[in-house]
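All remarks here apply to the structure that follows.
This chain uses plain numbering: 1 for the first residue, then up along the sequence.
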Amino acid sequence: IAALSNNSLEVVDLANGKRAQSVRDLRKPQGVLCLPDLDRLCVACGEEGTCRIFELSTLKLLKTIGSLPDADNIRRDKGSSLVLVGYGDGALAAIDVSKEEKASETKLEGHPESFQVESLFSRVFVNVPDAKQIRVIDRKSTRSATWPMEKFQANFPMALNDASNCLFVGCRKPPRLAVLDKDSGKIIADLAISGDTDDLFFDVSRKRVYV
């Protein structure tokens, strides 16, 4: 757990319902990503502008990748050792965890909030609320598309269900859950939600979205 206000990473033992360990002095940790097959844990720290790479089994710090101001959300590029970190006034960095180095970056029109990576294909869907858009980046071809968010704005959280071809986007202005066709970007449904939505989770087994 990224304990942002506590400047720490908290490890929770769910079976016993208690905190097992803490990693302190991280300075505004915001995104956490576990890579069990690589025995790695990545933490994006916004205030210090870094992505810290830990050994998952021991939580030993292995490498700190800097020059990532306001590092925020972090996801894995499926089927590779790359992790993607949203940061700054508008960029998505690709970090090679195996080589422990920044591999590339993609410029955006504003600070990226939540983003999702397809499981079967190569696209990344990025919420860019300041630009009132969703940016769609094809990692293989480097091509991109822009889907304007005009009716539903302040699009912060996002969840993806590849099986149903749906992209779920939580918006704050007005507070609605927008459901988009992930191939065309067309809004196919919208539902009222509470204000200041911050995160979304899709439960594959129950086919439910938690806001």
Side-chain angles (χ1 to χ4, degrees), residues 1-10 22-35 38 40-56 59-78 80-117 123-139 142 144-147 149 153-159 169-173 196-200:
I1 299 171
L4 185 149
S5 297
N6 197 48
N7 290 319
S8 65
L9 173 75
E10 302 297 327
S22 293
V23 178
R24 300 191 178 278
D25 302 321
L26 294 183
R27 293 172 55 195
K28 199 177 179 181
Q30 300 195 92
V32 177
L33 179 67
C34 289
L35 299 92
L38 300 177
R40 294 294 182 266
L41 171 72
C42 297
V43 182
C45 299
E47 187 174 306
E48 64 188 52
T50 66
C51 176
R52 295 202 188 193
I53 302 174
F54 296 87
E55 187 175 54
L56 179 59
L59 293 185
K60 176 185 176 182
L61 180 63
L62 301 176
K63 183 76 173 184
T64 298
I65 308 295
S67 300
L68 302 170
D70 198 17
D72 196 349
N73 286 284
I74 182 170
R75 305 280 187 268
R76 186 173 188 176
D77 188 8
K78 307 295 174 65
S80 77
S81 61
L82 294 178
V83 298
L84 306 176
V85 181
Y87 76 98
D89 293 332
L92 199 67
I95 295 173
D96 191 320
V97 175
S98 295
K99 296 181 179 179
E100 298 181 351
E101 65 182 19
K102 182 178 175 181
S104 64
E105 72 173 22
T106 302
K107 294 295 185 181
L108 302 167
E109 290 73 19
H111 179 76
E113 291 298 334
S114 184
F115 61 92
Q116 297 294 330
V117 183
R123 292 180 299 175
V124 183
F125 303 89
V126 188
N127 271 334
V128 189
D130 289 343
K132 300 178 182 179
Q133 65 180 225
I134 294 173
R135 179 84 172 272
V136 185
I137 303 165
D138 191 314
R139 298 272 301 146
T142 69
S144 66
T146 300
W147 296 343
M149 295 295 288
Q153 299 176 11
N155 46 309
F156 281 78
M158 177 188 288
V169 179
C171 301
R172 298 177 181 177
K173 297 179 182 179
D196 201 28
T197 180
D198 191 55
D199 216 340
L200 292 175

Can any side-chain N or O of [X] pair as donor or acceptor with the backbone N or O of [Y] at less than 3.5 Å?
X      : Y      : answer
Asp70  : Tyr87  : no
Gln116 : Met158 : yes
Gln30  : Ala71  : yes

Would you please name every residue forming a side-chain hydrogen bond (donor to acceptor under 3.5 Å, both in side chains) with [X], sequence neighbours left out?
X     : result
Glu47 : none
Asn7  : none
Ser8  : Asn6, Glu10

Is there a side-chain hydrogen bond (donor to acceptor under 3.5 Å, both in side chains) between Ser114 and Arg75 once you walk through the steps?
-> CA-CA 9 Å; Ser114 184; Arg75 305 280 187 268; 3.2 Å; yes
Looking at residues at least two apart in the chain, or sitting in another chain, which of them share a ring pair (Phe, Tyr, Trp, His ring centres under 6.0 Å) with Phe125?
->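 For Phe125, the residues satisfying ring pair (Phe, Tyr, Trp, His ring centres under 6.0 Å) (neighbours in sequence not counted) are Trp147.
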State, with a plain yes or no, whether a side-chain heavy atom of Leu26 is found less than 4.5 Å away from one of Leu9.
->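 With C-beta onward as the side chain, the pair touches.
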Looking at side-chain heavy atoms only, is the closest gap between Leu41 and Leu59 below 4.5 Å?
->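 In short, these two side chains touch, coming nearer than 4.5 Å.
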List in chain and number order the residues that pass salt bridge (charged side-chain N to carboxylate O under 4.0 Å, His left out) with Glu48, two or more places apart in sequence or in another chain; answer none if no residue qualifies.
->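 By the salt bridge (charged side-chain N to carboxylate O under 4.0 Å, His left out) rule, Glu48 matches Arg52.
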Count the heavy atoms of every other residue, nucleotide or ligand shown that sit under 6.0 Å from NZ of Lys78, and state whether that count exceeds 12.
->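 Enclosed: over 12 neighbouring heavy atoms sit under 6.0 Å from NZ of Lys78.
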Is it true that Asp198 and Arg172 make a salt bridge, defined as a side-chain N closer than 4.0 Å to a carboxylate O?
->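 Salt bridge: yes.
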Output every pair passing salt bridge (charged side-chain N to carboxylate O under 4.0 Å, His left out) with a member in residues 124-136, not counting sequence neighbours, ordered by first then second residue.
->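 Counting only pairs at least two positions apart or across chains, the salt bridge (charged side-chain N to carboxylate O under 4.0 Å, His left out) contacts touching residues 124-136 are Glu109-Arg135.
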